[in-house]
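Remarks on the structure that follows.
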Amino acid sequence: MEKIFEDKNKEEEYKRIFDAYDDDMDGKIPLNFLIKQIKHQGFSILQEKHRFQEIKQYISSLPHKEKSNIDFQNFQDIMEMPDSDLIEKALLGKLIVPDFSEFTESIEKIYEIVKEVKDGENASYIPQLAEVDSNLFSIAACTVDGQQCDIGDSDTYFCVQSCSKAISYCIAVEEHGIDYVHKHVGKEPSGASFNKNFLNPDNLPHNPMINSGAIMIAALISPDLEMYKRYEYVKRYWSSLAAGARVGFQNATYLSEKDTASRNFCLGHMMMDAKAFPEDTDLDNILDFYFQLCSLEVTSKDMAIIAASLANGGVCPMTNQRIFKEDTVNHCLSLMHSCGMYDYSGEWAYSVGIPAKSGVGGCVFLVVPKVMGICIFSPRLDSRGNSVRGIEASKLLLKEYTMHRYDNLKGVVTPFSHKMSLLQSMAEQKNEFTKDLLNAVADDDLHHLQCILEEVKEENFNINSISDYDDVTPAHVACSFNHEEILHYLIELDADFNNVTDKWGKTPLDRASEAGHKDVVKILHKLYASEKDLCYTTD
Ligand SMILES: NC(=O)CC[C@H](N)C(=O)O
């Protein structure tokens, strides 16, 4: 009985969605239009390899004329198939990033700006990396709902280099737990370059995100397996994190690194000498393994999915497969946050404020926990070994969106300050901002009002542009509620009391007068005394 009731509700819900997209109300929606709407939200349902398979099949099985138009019955059939919950969310603007097309546009804008940055040089201490085209550039993102966007050379394979360190750490933690792993490697940022030849006071590498630490982690990964199996084992993890994508290997980079790796050999011997490795570690094998892990190659699109798997607590959003435990990812992100950008990590945690990892191949990947993963790839590096464009693009992104870990301290997001929430659509943000502002006026809370407006005042913000669905402005509220102190503040902000009208055609001055707030009326009278066009006069 209950089931029928539920189904009925569902059917009504689908009908509401269908009607909202049936612009001319002819009971049909062009299929291409629907697919495009879903694409705007980041799903290419016809291209995806794991999700939407049944829906894809259904669409291709539709007779020809229905392919161009679907009716409600077709729509309902689709909505009863696996993964239709995502389509429903996409059409209702309820995915984790509800304004994904707006986010995609921001990424494209940032890409165009940062493309002009030509500073930095390819890493050359690994000769093969110097050969990579310095102009390559891409940005790709994937949310925890699997919404994807990318721009530039996002299908070009690049060498992961130090980005491998984060994944290797997760693998070692899954295998042994943190107590054992951190008997062999610390958790503190080293404050020095990624290959500096020193150990911490316990004679251990400072952390797993720099060379010494990652060499140590390599020694911990499946030590009982033959070397070729250890390599395959790690590569399988990478592929699963990237939803089964091909993960390649750059043999020339591997060979050229191996040939020029005196520093890494030195680090290995220092740790050997300090007895930091587990017993029976074969240093030559381990260094070789470490070079191999650095020489894996992926595309930016795939790296964004890998980052999204971390953002999603270890579950790949495209396949729904759990790859790492939440705890493992938690530990990894904590270390990425404090140590992921070499000796720029402190500045990064301060100004960008989210976990990230970079590699000398030119990749920086960012994890916005519970929201998305982002990969930026561009081979030109700064003196610390971080991609110059990677850092620039990250900073611009963080300027635009409230991604910094402590951005939530600001309370309500101000859509006029150009720092937007990823988790709400622009319309929702504006509504919330307006609601908060009008409430502050109604509550006579001048301090809160000033806090809300502090940031936006600098942005040529116009107080008269704020109104709710009844066209009620802050000036209307202050006048209706007889809040004199706020009235003076709004006057300072050039609020208009004499021309703006609400839905009922009333100005703020009308409202004050109607309510019999004589003092407010007097103040406004004085204010407009010099103006000929005073709409309202008192006796
Ligand atoms: N920062 C990096 O990306 C360094 C990795 C490189 N394979 C090295 O050991 O030097």
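Order of listing sets the numbers, starting from 1, for every ligand and every atom in it. Values reported hereafter were calculated over all heavy atoms of this structure, with side chains retained and with hydrogens, waters and symmetry mates removed.
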Over 12 non-hydrogen atoms of neighbours within 6.0 angstrom of NZ in K187:
no
Minimal non-hydrogen separation, P189 against N207, with atom names
CA-ND2, 3.7 Å
To the nearest 0.1 Å, how far is atom 1 (N) of ligand 1 from its closest protein heavy atom, and which atom is that?
Y342 OH, 2.7 Å
In sequence, state the C-alpha distance, the side-chain angles, and the governing distance for H182 and Y169, and then conclude on ring-ring contact (aromatic ring centres under 6.0 Å, His included).
CA-CA 11 Å; H182 286 289; Y169 174 74; 5.6 Å; yes
Identity and separation of the nearest protein heavy atom to atom 10 (O) of ligand 1
Y125 OH, 2.5 Å
Ligand 1-proximal atoms of N211, by part, heavy-atom distance under 4.0 Å:
side chain
Using a 4.0 Å cut-off to any heavy atom of F194, which atoms of ligand 1 qualify?
1 (N), 4 (C), 10 (O)
Which is it for F291 and ligand 1 at heavy atoms under 4.0 Å: side chain, backbone, both or neither?
neither
Closest approach of any protein heavy atom to atom 9 (O) of ligand 1, naming residue and atom
Y290 OH, 2.7 Å
Hey, which atoms in ligand 1 end up nearer than 4.0 Å to a heavy atom of N264?
8 (C), 9 (O), 10 (O)
So, S138 versus S300: side-chain donor-acceptor pair below 3.5 Å or not?
yes
Quick one: nearest non-hydrogen protein atom to atom 5 (C) of ligand 1, plus distance?
Q161 OE1, 3.2 Å
Could you tell me, atom by atom, which parts of ligand 1 come under 4.0 Å of a heavy atom of G359?
3 (O)
Using a heavy-atom cut-off of under 4.0 Å, does the side chain or the backbone of E257 touch ligand 1, or both, or neither?
side chain
Between S44 and K39, is any side-chain donor less than 3.5 angstrom from a side-chain acceptor?
yes
Could you tell me whether R246 sits above the aromatic face of Y157, with NZ or CZ closer than 6.0 angstrom to the six-membered ring centre and within 45 degrees of the axis?
yes
Kindly confirm or rule out an N or O of S162 lying under 3.5 angstrom from an N or O of ligand 1.
yes
Looking at ligand 1, does any of its N/O atoms fall within less than 3.5 Å of an N/O of C294?
no
Qualifying residue, where the test is side-chain hydrogen bond (donor to acceptor under 3.5 Å, both in side chains) with N386 and the options are S162, S358, S345
S358
Would you say K370 and N312 are linked by a side-chain donor-acceptor pair, where the criterion is simply a distance under 3.5 Å?
no
Residue portion contacting ligand 1 (non-hydrogen atoms closer than 4.0 Å) for N195:
neither
Test log, rule salt bridge (charged side-chain N to carboxylate O under 4.0 Å, His left out), inputs D119 and R380
CA-CA 7 Å; D119 303 340; R380 291 197 198 95; over 6 Å; no
